[in-house]
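All values below were derived from every heavy atom in this structure, side-chain atoms included, with hydrogens, water molecules and symmetry-related copies excluded.
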Amino acid sequence: MALAILARRRAAEAVLRRPLAPGAAVSAWRASYAAAAAAGEESDVVVVGGGPGGYVAAIKAAQLGLKTTCIEKRGALGGTCLNVGCIPSKALLHSSHMYHEAKSSFAHHGVKISNLEVDLPAMMAQKDKAVSGLTKGIEGLFKKNKVTYVKGFGKLASPSEVSVDLNDGGSTVVKGKNIIIATGSDVKSLPGITIDEKKIVSSTGALCLSEIPKKLVVIGAGYIGLEMGSVWNRLGSEVTVVEFAPDIVPSMDGEVRKQFQRMLEKQKMKFMLKTKVVGVDSSGDGVKLTLEPAAGGDQAVIEADIVLVSAGRIPYTAGIGLESIGVETDKGGRILVDKRFMTNVKGVYAIGDAIPGPMLAHKAEEDGVACVEFIAGKEGHVDYDMVPGVVYTHPEVASVGKTEEQVKALGIPYRVGKFPLLANSRAKAIDDADGLVKVVAEKETDKILGVHIMAPGAGEIIHEAVLALQYGASSEDVARTCHAHPTVSEALKEACLQTFAKAIHI
């Protein structure tokens, strides 16, 4: 036993290319031990990337009895989503909403507060605590499911080998019968704009500002830009959103989008649509942006303390060895895969943001599960038409399926049912009745084709609609399903009633 332990220790030291001192940190020892173990045996599955797609794939593979190794360069599991994306942004969205409610709504409900102020360091600490707890939780799940965790930057060396530059120094090679690329995505930059994460920030920088900017300009009116703009708007920033396209969130149903923009404007967010940024000057204390109409015309200059670049995301697939083994990508850098998530190279798979499809954490998780099910000889399936999307502003906007514009373009005869939250008893009772539910259904069969919700908690309500679409339900099916009263969810029932017959409460 002692000799076996000594052998493993020496293997770890060789991986690190330096001896481990008797008092070396436990974390460093564990990392080196894991790297040595991974280097010593071939895994059934090696996952490159520990984000939502990668870590879920690793856990599922282990649950299916496959020897699994996960390589993650960040040194903290959860990827962009958990560390600098979905989770910290939702923490700040919730905290800022609480402050905004206390400032603008509490008195109306009979709750009076004096000397209300924002403690930004405390708010950031709460966000960081949530992130830390969740990342450690995933490490615990890895241990529970016996997933080997290697901390370092992985690069494909062959269809069955990944070369890893370890975070603690040195390198190793991890061998696997099947390799899953789950490297996620990165911030999309814009020509002529250098992100320094100080005055010109990405969503990552916008999550950790040290003070509330007086003026914030957001370049890009997509999900991320509107969410982060909402955070700082609630905390007191004057927020202006600059968007090249004629509309905000172009993937959203047109009617819902218009109401959504009006709501954001009501919250004092400003929009400059059909506008492009042609110049940036950050040499002074703030940032000066030179703008002009998207179609060309007179230029204008606006100033900001902070500029958030939120022009979307791109696949993180460069520099990971794809070319060396011949993995094919499209012009946008997305890895091309078949229905089983396999690339053109046998034994090499890809999932999540690295491949075509919605760049969403929950889509990546479904990809990961389906991919390892295929590897294990089972069947897996992900229907991208059934992936819900949520904008976590207030009110939230959630949707699944097709928009009315998409159905019309396909030439499908359809019916639309709408129900305003102003007629929903729960929404009125809590004094939060801005929004609507919209249902689009096939005219002949009444099959639901799309559901779009703008309401408090829309991100929770939407899953009833996802399930309905998944099982091919009609609007009548949902309308005849008993919903608890009083709930905001009743608005979906009423919208379905309005689709196939007539709503009760309007």
Check your understanding: Of Val440, Val416, Val439, which meets side chain to side chain contact (heavy atoms under 4.5 Å, CB included) against Thr499?
Key -> Val439

Check your understanding: Got a sec, which residues hit side chain to side chain contact (heavy atoms under 4.5 Å, CB included) with Glu460, two or more places apart in sequence or on another chain?
Key -> none

Practice item. Could you check Val451 against Leu492 for side-chain contact (heavy atoms from CB on, under 4.5 Å), going step by step and ending with a plain yes or no? Key: CA-CA 9 Å; Val451 175; Leu492 176 57; 3.9 Å; yes

Point to revise | Evaluation steps, side-chain contact (heavy atoms from CB on, under 4.5 Å), between Ser202 and Val309 | key: CA-CA 5 Å; Ser202 66; Val309 179; 5.9 Å; no

Using a strict cut-off of less than 4.0 Å between a Lys/Arg side-chain nitrogen and an Asp/Glu carboxylate oxygen, indicate whether [X] and [Y] qualify as a salt bridge.
| X | Y | value |
| --- | --- | --- |
| Lys177 | Asp44 | yes |
| Lys90 | Glu227 | yes |
| Asp446 | Arg415 | yes |

Looking at [X] and [Y], would you say the former's side chain and the latter's main chain have a donor-acceptor pair under 3.5 Å?
| X | Y | result |
| --- | --- | --- |
| Lys127 | Leu207 | yes |
| Ser132 | Lys129 | no |
| Glu161 | Ser158 | no |
| Thr68 | Leu66 | yes |
| Thr80 | Gly85 | no |
| Asp186 | Tyr316 | no |
| Ser43 | Gly176 | no |
| Lys447 | Ser474 | no |
| Gln498 | Lys418 | no |
| Arg234 | Ser95 | no |

Check your understanding: Counting heavy atoms not belonging to His483, are there more than 12 under 6.0 Å from its NE2?
Key -> yes

Check your understanding: Should the heavy atoms of other residues, nucleotides or ligands under 6.0 Å from NZ of Lys402 be counted, would the total exceed 12?
Key -> no

Practice item. Please report the C-alpha distance between Ile412 and Glu442 in whole Å, then the side-chain angles of each, then the deciding distance to 0.1 Å, and finally whether the side-chain contact (heavy atoms from CB on, under 4.5 Å) criterion is met. Key: CA-CA 7 Å; Ile412 302 172; Glu442 190 173 7; 4.1 Å; yes

Side chains of [X] and [Y]: closer than 4.5 Å at any heavy-atom pair?
| X | Y | value |
| --- | --- | --- |
| Lys188 | Arg313 | no |
| Val241 | Ile248 | no |
| Phe419 | Lys493 | no |
| Pro52 | Leu82 | no |
| Val437 | Glu494 | no |
| Asn83 | Val131 | yes |
| Phe244 | Ile219 | no |
| Glu396 | Ile462 | no |

Practice item. Kindly state each residue pair satisfying salt bridge (charged side-chain N to carboxylate O under 4.0 Å, His left out) with at least one member in residues 315-337, sequence neighbours excluded. Key: Asp330-Arg334

Exercise for review: Could you note down all residue pairs passing salt bridge (charged side-chain N to carboxylate O under 4.0 Å, His left out) where residues 70-87 supplies at least one of them, sequence neighbours left out?
Suggested key: none

Point to revise | Contacts of type side-chain hydrogen bond (donor to acceptor under 3.5 Å, both in side chains), residue His381, not counting sequence neighbours | key: none

Give the table of side-chain donor-acceptor pairs shorter than 3.5 Å for residues 358-379, with sequence neighbours excluded, one pair per line with atom names and distance.
unit_1: His362; atom_1: NE2; unit_2: Pro388; atom_2: O; d: 2.7
unit_1: Lys363; atom_1: NZ; unit_2: Gly352; atom_2: O; d: 2.9
unit_1: Lys363; atom_1: NZ; unit_2: Pro356; atom_2: O; d: 3.3
unit_1: Lys363; atom_1: NZ; unit_2: Asp367; atom_2: OD2; d: 2.9
unit_1: Asp367; atom_1: OD1; unit_2: Tyr384; atom_2: OH; d: 2.9
unit_1: Asp367; atom_1: OD2; unit_2: Gly352; atom_2: N; d: 3.0
unit_1: Asp367; atom_1: OD2; unit_2: Tyr384; atom_2: OH; d: 3.3

Check your understanding: Taking only residues two or more places apart in sequence or in another chain, which ones pass ring pair (Phe, Tyr, Trp, His ring centres under 6.0 Å) with Phe142?
Key -> Tyr149

[atom2] on [Y] to [atom1] on [X], rounded to 0.5 Å:
| X | Y | atom1 | atom2 | answer |
| --- | --- | --- | --- | --- |
| Ile351 | Ile181 | CD1 | CD1 | 10.0 Å |
| Leu156 | Thr343 | CG | OG1 | 9.0 Å |
| Glu255 | Lys438 | CD | NZ | 4.0 Å |

Check your understanding: Is it the case that Asn233 and Ser230 place a side-chain donor and acceptor less than 3.5 Å from each other?
Key -> no

Point to revise | Test log, rule side-chain contact (heavy atoms from CB on, under 4.5 Å), inputs Arg426 and Glu490 | key: CA-CA 9 Å; Arg426 180 65 183 278; Glu490 288 177 286; 5.5 Å; no

